[in-house]
Every structure is written in structure tokens, then in C-alpha cells.
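Residue numbering restarts at 1 for every chain, and letters A, B, ... go by the order of the sequence lines.
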There are 2 protein chains.
Amino acid sequence: MARAGLTTARLVAGAADLADEVGFENVTVSALARRFGVKDASLYSHLRGVQDLRTRMALLAGEEMIDRIAAAVAGRAGKDALAAFAGAYREFALRYPGRYAATQIRIDQSLAAESRALRRTAEITYGMLRAYGLQEPDRTDAVRLLRSTFHGYCALEATGGFGAPRDVQASWEKAVDALHLTLRHWPREEEKDHD
Amino acid sequence: MARAGLTTARLVAGAADLADEVGFENVTVSALARRFGVKDASLYSHLRGVQDLRTRMALLAGEEMIDRIAAAVAGRAGKDALAAFAGAYREFALRYPGRYAATQIRIDQSLAAESRALRRTAEITYGMLRAYGLQEPDRTDAVRLLRSTFHGYCALEATGGFGAPRDVQASWEKAVDALHLTLRHWPREEEKDHD
DNA sequence: GGGTAAACCCTAATGGATCTAGGAACACCC
DNA sequence: GGGTGTTCCTAGATCCATTAGGGTTTACCC
């Protein structure tokens, strides 16, 4: 009956590792308890339940991810910053698929508001766009486009959506190039291109 | 003991409706049996199990989705076709969230190869790009970029990822505009923009 | 160093999910 | 009307989430 030394933080970290190994959707309270050599019920002193666990995993993974991205972007601007952001984003998504999946779940609005990770992500993303000189609402539109492309690419790649023989890394770099050009020549409110 | 008249097709269609109502991940064999007023075990004469059910849902939803898109794109070219494709894509994803989620699961490679929906999707997507005059590998890169952006946007929107007050429809139209320009001025292999 | 309160982990039990095995009722076809 | 499958059911095994309540270790305080 040696104590296992469980804490909420250790459990959540263990769950994140487990998610990377077996997939986010296969992280169960039972599996987590097994990993710590403990009975299921023991986890309920540290976690309110599986929903709580998932939320905590999402927040942890979000922090870890934005830390990597922030480190990659630091000291860069313009296309350099964009490429660094994109590279760190995809690197994280591919290397830690369970953690990445965790970042994509729906989070309670009130929790999201007080999440340091989300605030930092917004800061860093908007900061990265500064060089392109966009004003609202174009800035928000651009952020949404970037996030969509990054997430969509990683999600499709992760689920085996890209079947063509073409190198996936090369396509990614092309996409980042294209995004850079899009940001540089953003179709602003007045100067719409009709064609 | 009146027979319920179950068939694989009816079950899969029912499961798709159920997915749109309660979410793809909440479609269970039990819930589906309940919906048809039948015991769980009865479904196993028509379906091999929950994995089989999910795969069939994915194939069905994929067909339905590409049908809508094909109808929208028919007779259009260039930016017109792109906008129609994008509109039909997002319309489907938002209106049938459970079916859309089904289309995103990982499908067995051998099954994917013989899927009519996947072949048609490829045809229509590449056809839509004809007007932009891209050659391989640029064409594949462009397809990947389009799919990523469309999927990423719908996925983020569906999980409540867009918190800013900016109108989501407007951002989407801007994204489609931006994609059109990207396709028109695609950074081809030789003429790379270094900046 | 011993007592005690809190923290930690357990047993036990409920309810819901997937899935298998085997049996009964129905439809159809001659 | 008697086969002959197909369709659906009962029963049961296994796994997961969660709650209730109880025993044991830890750490702190005198």
C-alpha cells in the first residue's frame, strides 16, 4: 500500500503522455489509473471526472504549445516570424498528436476567458501580423485564415488525409509561402479584386 | 414482436441523423438501437460493430457532401466555381455537423481506394482548379491548401474556436477571396518570392 | 515521540457501453 | 403446410465512469 504520490498535475501530465501514445480519445480514467498502478476511484480525489481531466489536458497542452511557438517566433518578424510560427505549430502537432488533439476540444467559455495560454496565443499571433500592417476587421480575418490553414493541414495530415505521393513537408512550405503572399497583398475592404 | 424492418442502409442513415442531433462521438450502438426501438444485439446482424458503423457513416456522408458540392459547382469556372465549392462545403459542415465529423475520420486505405465519393471529390476539386492553370506538383499543393483551409475553418467554427465579435460569414468570404488571389498568383517552382 | 486530523487510496456497487452465443418467431417459397 | 433462412431477442461477459463510504498513511503540533 505504498502511496503512489498522485497529484492533479502529475495525473494531467501522465494523461497527456498517454494521449500521445494511444490517442486523445483513448485516454480514459481507467487507463490513467492503470498507468499509475492505482484503482480508478482513487483518481476522483484529484479530478472531478473525465470531463475535468480533458479540460485540464487541453489547458496544459495549450500552454506547452504556445511556449514552443513563442520561443520559435521570438526575435523574428514578417515572413521569418510566419515561417517560424508555422514550423513550430506543425512540429508540435505531429510530435505530440494527443496533446494537439486536446487543444482542439471545446472549452467552457468562462474557463477559456481566464486561460493564460489562449491570451498568449492571441498576443503572439497578432504580434506576428504586425509587420503586415493590417487593420480591423482585416486583422481578425487574417488570423482566422492562418489558424484555419494551420489546423486544417495538421488535422488532415494526422488522419491520413493526404494520399498523393507529393512530399507533405514540401506542400506545407508552399502553403506557408502562399499565406505570406496573401498577407502581403491582403484584399482590403475598399480595393476588392473582382474577377 | 413486430419486425422493425432493419437494413444496413436504414441503420446507417439513422445513425447519420443521430450524429447531426447529438454529435458524431455520441453515436453509439445502444443509442441507435433505442432510436429504432430494438435491442442492441439486434444491430449486429446488420453491422459488424461500432467501427463498421462509423466507417459506413463516413462513406455515406462523403457521398452526400460531394453531391451538394458537385451541384453547386456545376457549370461554373474560376472564382465562381471556387466560391460555389466553398459555400457548399461550409453549408454542409454547419448544417450537418455529425455527418461532417464522420467524413473526417481515418478510413482504411483499401476502403478509401474504392470509395466513389473520394474519387469524385478529387475529380471535382482538380476540375475546379483547371482555370488557374497549375501544373504538378503545384496543383497538389494547391488542393492541399484549399482542403486545409476549408476544413480548418469549419472545424474551428464548429468547436467555437472563433471568439472575436467579427462576423464569421464575412471572415469566410474574405478567406475565399484570399484563396482565389493565391491561386491566381501561385508562387510557382521557379519564380519564388524571397522577402 | 505520540496523538490526531487530513489526505490518500481502497472496496463495493450502479449504470451504461460493446459484443458474443444461442434460441425463438416470422416471411417466403414451394 | 412444412422447410429454410433471416430477423430479432434473452442472457451474459467485459470494460468504462462515477459515487459512497471506510481504512491507512502522512504530517503536523504539542
Would you say the side chains of B:Ser148 and A:Thr149 form a donor-acceptor pair under 3.5 Å? no
Is a salt bridge present between A:Glu21 and A:Arg35, judged by a nitrogen-to-oxygen distance below 4.0 Å? yes
Between B:Leu43 (CG) and C:dA17 (P), how many Å, whole number? 13 Å
For the pair made of NZ in A:Lys39 and C1' in D:dT24, what is the distance, rounded to whole Å? 17 Å
Do A:Thr182 and B:Thr182 meet the criterion of a side-chain donor-acceptor pair at a distance under 3.5 Å? yes
Return each pair, listed once, that meets salt bridge (charged side-chain N to carboxylate O under 4.0 Å, His left out) where at least one residue sits in residues 82-92 of chain B; pairs must be two or more places apart or across chains. B:Arg90-B:Glu157, B:Glu91-B:Arg95
Could you list by number each residue of residues 50-61 of chain A showing a heavy-atom separation from DNA chain D of less than 4.0 Å, or answer none if no residue does? A:Val50
According to the interplanar angle, ranging from 0 to 90°, do the rings of A:Phe85 and A:Tyr89 count as parallel (below 30°), tilted (30 to 60°) or perpendicular (above 60°)? parallel
Between C:dT20 atom C1' and B:Arg48 atom CZ, what is the distance in whole Å? 16 Å
Distance alone, cut at 3.5 Å: any donor-acceptor contact between the side chains of A:Ser171 and B:Arg144? yes
Sorted by number, the residues of residues 20-34 of chain B with heavy-atom contact under 4.0 Å to DNA chain D: none
Please state how far atom CZ in B:Phe36 lies from atom C1' in D:dC9, giving the value in whole angstrom units. 18 Å
Using the side-chain heavy atoms of B:Val38, tell me which of these nucleotides is nearest: D:dC9, C:dT18, C:dC10. D:dC9
Rounded interatomic separation in angstrom, taking CG from B:Asp40 and P from D:dA13: 17 Å
Nearest of C:dA21, C:dT11, D:dT19 to any side-chain atom of A:Tyr44? D:dT19
Check whether the side chains of A:Tyr153 and B:His151 place a donor and an acceptor atom closer than 3.5 Å, and report yes or no. no
In terms of side-chain heavy atoms of B:His46, which of C:dT20, C:dC9, D:dC8 is nearest? D:dC8
Quick note, B:Ser42 side chain, CB onward, closest among D:dT19, D:dC8, D:dT10 is D:dC8
Say whether B:Thr55 and B:Gln51, considering side chains only, have a donor N or O and an acceptor N or O under 3.5 Å apart. no
Less than 6.0 Å separating the ring centroids of B:Tyr96 and B:Tyr100? no
The side chain of A:Leu6 is closest to which nucleotide in this list: D:dT10, D:dA17, C:dC9? C:dC9
